[in-house]
Amino acid sequence: MYDIVIIGSGPAGLSASVYAKREMLNSIVIEKEFMGTGQIAESDRVDNYIGLYGESGYDLGEKFRDHAIKLGTEFVEGKVESILKQDNHYNLKLSNGENIETKTIILATGTSRRKLGIKGEKELTGKGVTYCAICDGAFYKDLPVAVVGGGDTALQDALLLSKIASKVYLIHRRDEFRGNKILSKKVRNTENIELVLSSTPKEIVGENQVEKIIVTKDNSDKEIIVSGVFVAVGSVPNSDLLKELVKLDNGYVVASEDGVTSADGIFVAGDVRTKKLRQVVTAVSDGANAVMSAEDYLLKNNL
């Protein structure tokens with residue numbers, strides 16, 4: 001039986017594995033993809049992780065994983081199908097039929113970005129199509145970009161990018177924004193933001209880099225020349241495993257920085273947790289905190 005099972009091998013899960021090994025806890029990481037490192041691998045370049053300026057997301061993720069491996073982290077490939085509480089431990093059933101018993105669980109499954117589901121989006125992801133303005137906005141200095149969405153995130157992204165890009169086209173399928181009124185007013189009063197309302201993205205076009213986005217309005221297509229497309233239509237927390245076990249808020253696992261959830265022995269780290277800022281640096285921090293909380297739980301309960 002393990003002291004800790006970490007579900008997820010992104011930055012939060014890998015950080016948790018490092019701290020678990022340093023605390024000499026019997027631990028394992030369950031990953032659904034072989035040699036996975038999470039969504040960070042999709043980032044073309046990371047400029048906001050201290051000390052590793054300009055690193056590609058793929059390379060940074062590999063460094064995190066290599067660190068964990070050098071400390072002896074054990075990985076199991078598989079998808080957790082169910083979690084069952086049994087007395088003072090948990091039984092995890094994997095898709096390959098394997099069963100794993102553990103005293104504590106750290107859920108570090110992250111989120112899945114909502115996609116537009118249009119032609120060219122998948123092919124140009126990382127080549128001009130991005131889902132994080134904070135992460136990638138700086139790469140579009142003095143270039144025209146598009147933001148797709150109408151909620152607070154889309155409005156905030158448009159305002160952020162307006163300080164960097166030469167022009168920001170804010171594309172929304174409705175004629176009014178869903179975001180708060182103050183943000184909406186700021187957007188409407190920002191000179192280099194052009195509103196493209198009541199319009200639906202149809203296709204993102206480009207050879208090896210985004211060149212334009214095609215939108216549809218009133219059955220007519222319009223081409224907008226841009227170098228980047230920032231998709232801000234929301235994220236889906238990967239928390240289905242815990243929906244019957246812990247308290248959720250819009251799908252996110254309710255927990256503060258210590259990672260303590262409403263269920264004894266279950267902790268959470270990374271983007272799947274309720275918090276304001278979802279970045280690689282906060283995910284790594286969460287992983288460390290969750291292990292410390294799990295260790296405290298094991299000691300207090302003599303497990």
Side-chain angles (χ1 to χ4, degrees), residues 1-43 46 49-52 55-81 83 89-111 238 241-242 253 255 257-261 265-273 279-299 303:
M1 182 181 297
Y2 291 97
D3 293 322
I4 300 177
V5 164
I6 301 160
I7 306 175
S9 60
L14 293 173
S15 172
S17 74
V18 166
Y19 274 79
K21 283 299 179 183
R22 285 175 58 83
E23 295 301 307
M24 300 182 70
L25 296 168
N26 185 19
S27 61
I28 193 171
V29 174
I30 299 176
E31 55 181 359
K32 64 180 181 180
E33 295 178 357
F34 178 66
M35 297 288 286
T37 57
Q39 288 185 3
I40 190 174
E42 299 173 10
S43 297
V46 178
Y49 192 79
I50 190 72
L52 292 171
E55 197 84 24
S56 78
Y58 179 86
D59 289 343
L60 186 57
E62 287 299 300
K63 286 183 177 180
F64 289 166
R65 189 181 182 91
D66 287 345
H67 189 160
I69 290 172
K70 286 175 180 176
L71 289 179
T73 295
E74 181 183 351
F75 293 86
V76 169
E77 183 184 356
K79 180 180 179 182
V80 180
E81 296 283 343
I83 298 174
H89 70 276
Y90 291 91
N91 184 285
L92 283 65
K93 182 178 180 181
L94 274 59
S95 54
N96 60 11
E98 186 176 355
N99 287 287
I100 295 175
E101 292 186 326
T102 181
K103 300 170 187 175
T104 66
I105 295 169
I106 295 177
L107 187 78
T109 50
T111 62
N238 299 321
L241 270 175
L242 298 185
V253 180
E257 288 186 5
D258 59 11
V260 177
T261 73
I266 297 181
F267 305 87
V268 64
D271 288 1
V272 72
R273 178 174 77 83
Q279 295 280 283
V280 61
V281 68
T282 62
V284 169
S285 175
D286 278 359
N289 281 320
V291 170
M292 296 299 102
S293 295
E295 185 176 35
D296 287 344
Y297 171 84
L298 292 169
L299 291 172
L303 297 176

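If you're wondering where the values come from, they're calculated on a predicted model, not measured in any experiment.
The shortest side-chain heavy-atom distance between Val253 and Leu107 falls under the 4.5 Å cut-off. Counting heavy atoms from C-beta outward, Asn26 and Met1 have side chains that stay 4.5 Å or more apart. Using a 4.5 Å heavy-atom threshold, the side chains of Ile69 and Phe75 count as touching. The shortest side-chain heavy-atom distance between Leu25 and Val291 falls under the 4.5 Å cut-off. Within the 4.5 Å cutoff, the side chain of Leu242 has heavy atoms near those of the Ile83 side chain.
In this view, Glu62 and Thr37, Tyr58 satisfy the side chain to side chain contact (heavy atoms under 4.5 Å, CB included) rule, not counting sequence neighbours. Residues meeting the side chain to side chain donor-acceptor pair (under 3.5 Å) test with Glu295, sequence neighbours left out: none. For Ser293, the side chain to side chain donor-acceptor pair (under 3.5 Å) criterion is met by no residue, not counting sequence neighbours. With sequence neighbours excluded, no residue forms a salt bridge (charged side-chain N to carboxylate O under 4.0 Å, His left out) with Lys79. Under the ring pair (Phe, Tyr, Trp, His ring centres under 6.0 Å) criterion, Tyr90 pairs with no residue, sequence neighbours left out. With sequence neighbours excluded, the residues that form a side chain to side chain contact (heavy atoms under 4.5 Å, CB included) with Ser27 are Ile4, Ala20, Lys21. Scanning for side chain to side chain contact (heavy atoms under 4.5 Å, CB included) contacts around Thr282 gives Lys275, Leu277, Gln279, with sequence neighbours left out. Residues satisfying the side chain to side chain donor-acceptor pair (under 3.5 Å) criterion with Lys93, sequence neighbours excluded, are absent altogether. With sequence neighbours left out, Asn91 forms a side chain to side chain donor-acceptor pair (under 3.5 Å) with no residue at all.
To the nearest 0.5 angstrom, Leu94 atom CG is 8.5 Å from Ile7 atom CD1. The CG atom of Asp66 sits 10.0 Å away from atom CG of Leu14, with the distance rounded to the nearest 0.5 Å. In this structure, the separation between NE2 on His67 and OG on Ser17 is 8.5 Å, given to the nearest 0.5 Å.
Counting all heavy atoms, side chain and backbone alike, Val284 lies closest to Ser15 at O-OG, 2.7 Å. Counting all heavy atoms, side chain and backbone alike, Ile266 lies closest to Thr261 at O-OG1, 2.7 Å. The minimum heavy-atom distance between Pro11 and Ala283, with the atom names listed, is CB-CB, 4.2 Å.
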Give every donor-acceptor pair under 3.5 Å between a side-chain atom in residues 99-106 and any protein atom, sequence neighbours left out.
| from | atom 1 | to | atom 2 | distance (Å) |
| --- | --- | --- | --- | --- |
| Thr102 | OG1 | Tyr2 | O | 3.4 |
| Thr102 | OG1 | Val5 | N | 3.3 |
| Thr102 | OG1 | Thr104 | N | 3.3 |
| Thr102 | OG1 | Thr104 | O | 2.6 |
| Lys103 | NZ | Asp3 | OD1 | 3.2 |
| Thr104 | OG1 | Asp3 | O | 2.6 |

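Seen from the ring of Phe267, Arg273 does not count as a face-on cation partner, given the 6.0 Å and 45° thresholds.
If you run side-chain hydrogen bond (donor to acceptor under 3.5 Å, both in side chains) between Ser9 and each of Glu31, Glu77, Lys32, only Glu31 comes through.
In terms of modelled atom types and a separation under 3.5 Å, the side chain of Thr73 and the main chain of Ala68 share a donor-acceptor contact. For Asp286 (side chain) and Ala12 (main-chain N/O), no donor-acceptor pair under 3.5 Å exists by modelled atom type.
By the 6.0 Å contact criterion, CD on Glu257 is open, its count of non-hydrogen atoms from other residues, nucleotides or ligands being 12 or less. Residue-environment remark: CZ (Phe64) exceeds the threshold of 12 foreign heavy atoms within 6.0 Å.
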